[in-house]
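Below: the structure, in structure tokens.
Each chain gets a letter, A, B and so on, in the order the sequences are listed, and its residues count up from 1. All figures in this text were calculated on a predicted structure; none of them were measured in a lab.
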Number of protein chains: 2
Amino acid sequence: MNKEALFSIPLPTIRRFPAYLRLLKDFENAGESWVSATRLAEDLRLKPIQVRKDMSCTGVEGKPKVGFEVHELIMAIEHHLGWDNATDAILIGAGNLGNALVGYKGFANYGLRIVAILDNDKKKIGTTVYGVTVQSMEHLEETVVRLGVNIAVLTVPAEVAQEVAEMVVAAGIKGIWNFVPKNLTLPEDIIVQRTDLATSFAELSSRIKKSIEEKSRTKRSLQN
Amino acid sequence: MNKEALFSIPLPTIRRFPAYLRLLKDFENAGESWVSATRLAEDLRLKPIQVRKDMSCTGVEGKPKVGFEVHELIMAIEHHLGWDNATDAILIGAGNLGNALVGYKGFANYGLRIVAILDNDKKKIGTTVYGVTVQSMEHLEETVVRLGVNIAVLTVPAEVAQEVAEMVVAAGIKGIWNFVPKNLTLPEDIIVQRTDLATSFAELSSRIKKSIEEKSRTKRSLQN
DNA sequence: TAGATTGTTAATCGATTAACAATC
DNA sequence: TAGATTGTTAATCGATTAACAATC
């Protein structure tokens, strides 16, 4: 057994795991049972050495000249992410984004299952989103307790995000996946994961800006 | 003028810029014209020293004991992100996620404007999403050229993502914001920004897993 | 003024990358 | 076998953090 797996896995590696997972499942579906770090690196545009480091975090041992067993890697990565057991979650806010997330098939691959949807809007309560009925926020605590859910996905308007987050925590939720572009102030032991479109767009913007600047610089130097 | 701003800004700083921007705008709306790094750090749960470093990247100079001028910071950050001029983009794939993105009001704050929606589904073509009419994919190249758009937002099914991406590139698009959980293989000079729900959920999963492990460890050591 | 806050230089920390022996 | 690939140790790189003088 690889010793490194016993230490905590670096965050950048954790963040690369899902991409590996998707690719490995493609290989599995294609009937390939072995894959080399070189091959993974090529397909994901990473460096082979980085892939090998990442793979060493999974605890899976490879065979020189052959590579790694695809299925073993899949199992190991899913285990390290806790994706081998389905995690139930409730979703608050049946707006556009909320509905999109409920309908997002990819979640099945992450072991995430949205088992209840809650909203305050009377027009939405009672309607069905991808087979899940929207409930009144009044049922929040009862639902959390009855279903034994630990995670809430938050897709409410920014104005009420803090208030709703506090209700959710009061109901017993331990982790919040926050899609609202707003920082939540919550007790330290509550895990808040923010998915912020702005962060990703900021990265794209700055890359485009840089690329434009580089082009105009090249043009200028050609003119001289 | 601060010299550091002339060098390229570290990616982690770029990624923190949107959060600063939101908070600064809150302060501006509240009528506050000065803010200290200490205060920003507190609200965003960062360390003051990190905020000062980040602020130094904006090129804005602060005043000892007072802090930074809110409006000046807003302008500087928006400028560095290229958010001071509206950027037009087209969106391909009028599914749930696509519609959610078109309706996402926050984009106005990023200077992102979705000026056209394209889809292959005949049932969707001609319908209106938040005031923008869905067009046939046949109009792709014409639309890109006519509107002079450089960015495409991709929210199509994974199976067709590669194919659509190639069409989009052929039509003249320079940057792709890819919401499809699939790696695209495209020419090197095309900027692809991937927003991957799985990456964010992987982070949440591993944090929850770690927190559960820590709790059970504490419990065990208390029993001894 | 006294003290809070800035800005810069240097130290630390952690991730990536290089180098290379081990191995199938 | 020869050579591709793994796994580990050490070097490098870049971001975060510490320390502290400057300043309003």
Worksheet item: What's the CH2-P distance between A:Trp34 and D:dT6, to the nearest Å?
Response: 11 Å

Worksheet entry | Where at least one partner belongs to residues 13-24 of chain A, residue pairs that pass side-chain hydrogen bond (donor to acceptor under 3.5 Å, both in side chains), sequence neighbours excluded | A:Thr13-A:Asp54, A:Arg15-B:Glu203, A:Arg16-A:Asp54, A:Tyr20-A:Asp54, A:Arg22-B:Asp196

Discussion item. Going by side chain to side chain donor-acceptor pair (under 3.5 Å), name the residues that satisfy it together with B:Glu32, two or more places apart in sequence or in a different chain.
Written reply: none

Worksheet entry | Inter- and intrachain pairs under salt bridge (Lys or Arg N to Asp or Glu O under 4.0 Å), touching residues 73-89 of chain B, at least two apart | B:Lys25-B:Glu78, B:Asp88-B:Arg113

Worksheet, complete the sentence: Here the salt bridge (Lys or Arg N to Asp or Glu O under 4.0 Å) pairs for residues 175-185 of chain B, sequence neighbours left out, are none

Worksheet item: Can you give the dot-bracket line for DNA chain D, where a pair is Watson-Crick or G-U wobble with both atom distances under 3.5 Å, crossing pairs use [ ], and | marks a partner on another strand?
Response: ..||||||||||||||||||||||

Below 3.5 Å is the cut-off: list the nitrogen or oxygen pairs between protein and nucleotides 3-5 of chain C, distance only.
unit_1, atom_1, unit_2, atom_2, d
C:dT5, O4', B:Lys65, N, 3.2

Response to the item:
Taken in chain and number order and not counting sequence neighbours, the residues that satisfy side chain to side chain contact (heavy atoms under 4.5 Å, CB included) with B:Ala37 are B:Val51, B:Arg52, B:Phe68

Check nucleotides 11-17 of chain C for protein N or O atoms closer than 3.5 Å to its own N or O atoms and list the pairs.
unit_1, atom_1, unit_2, atom_2, d
C:dT16, OP1, A:Arg16, NH1, 3.0
C:dT16, OP1, A:Arg16, NH2, 3.3
C:dT16, OP1, A:Gln50, NE2, 3.3
C:dT16, OP2, A:Arg16, NH2, 3.2
C:dT16, O5', A:Gln50, NE2, 3.3
C:dT17, OP1, A:Lys47, NZ, 3.4

Item to complete: Enumerate the residue pairs fulfilling side-chain hydrogen bond (donor to acceptor under 3.5 Å, both in side chains) with a member in residues 148-163 of chain B, sequence neighbours excluded, ordered by first and then second residue.
Response: B:Gln162-B:Glu166

Fill in: Set of residues satisfying side chain to side chain donor-acceptor pair (under 3.5 Å) with respect to B:Asn183, sequence neighbours excluded
B:Arg194

Item to complete: Check side chain to side chain contact (heavy atoms under 4.5 Å, CB included) between B:Lys47 and all other residues, then give those that pass, not counting sequence neighbours.
Response: B:Ile49

Worksheet item: If you look only at pairs with a residue in residues 87-111 of chain B, which of them pass as a ring pair (Phe, Tyr, Trp, His ring centres under 6.0 Å), with sequence neighbours excluded?
Response: B:Trp83-B:Tyr110, B:Tyr104-B:Phe107, B:Phe107-B:Tyr110, B:Phe107-B:Trp177

Worksheet item: Just one of A:Ile92, A:Ile173, A:Val192 clears the side-chain contact (heavy atoms from CB on, under 4.5 Å) bar with A:Leu154, so which one?
Response: A:Ile92

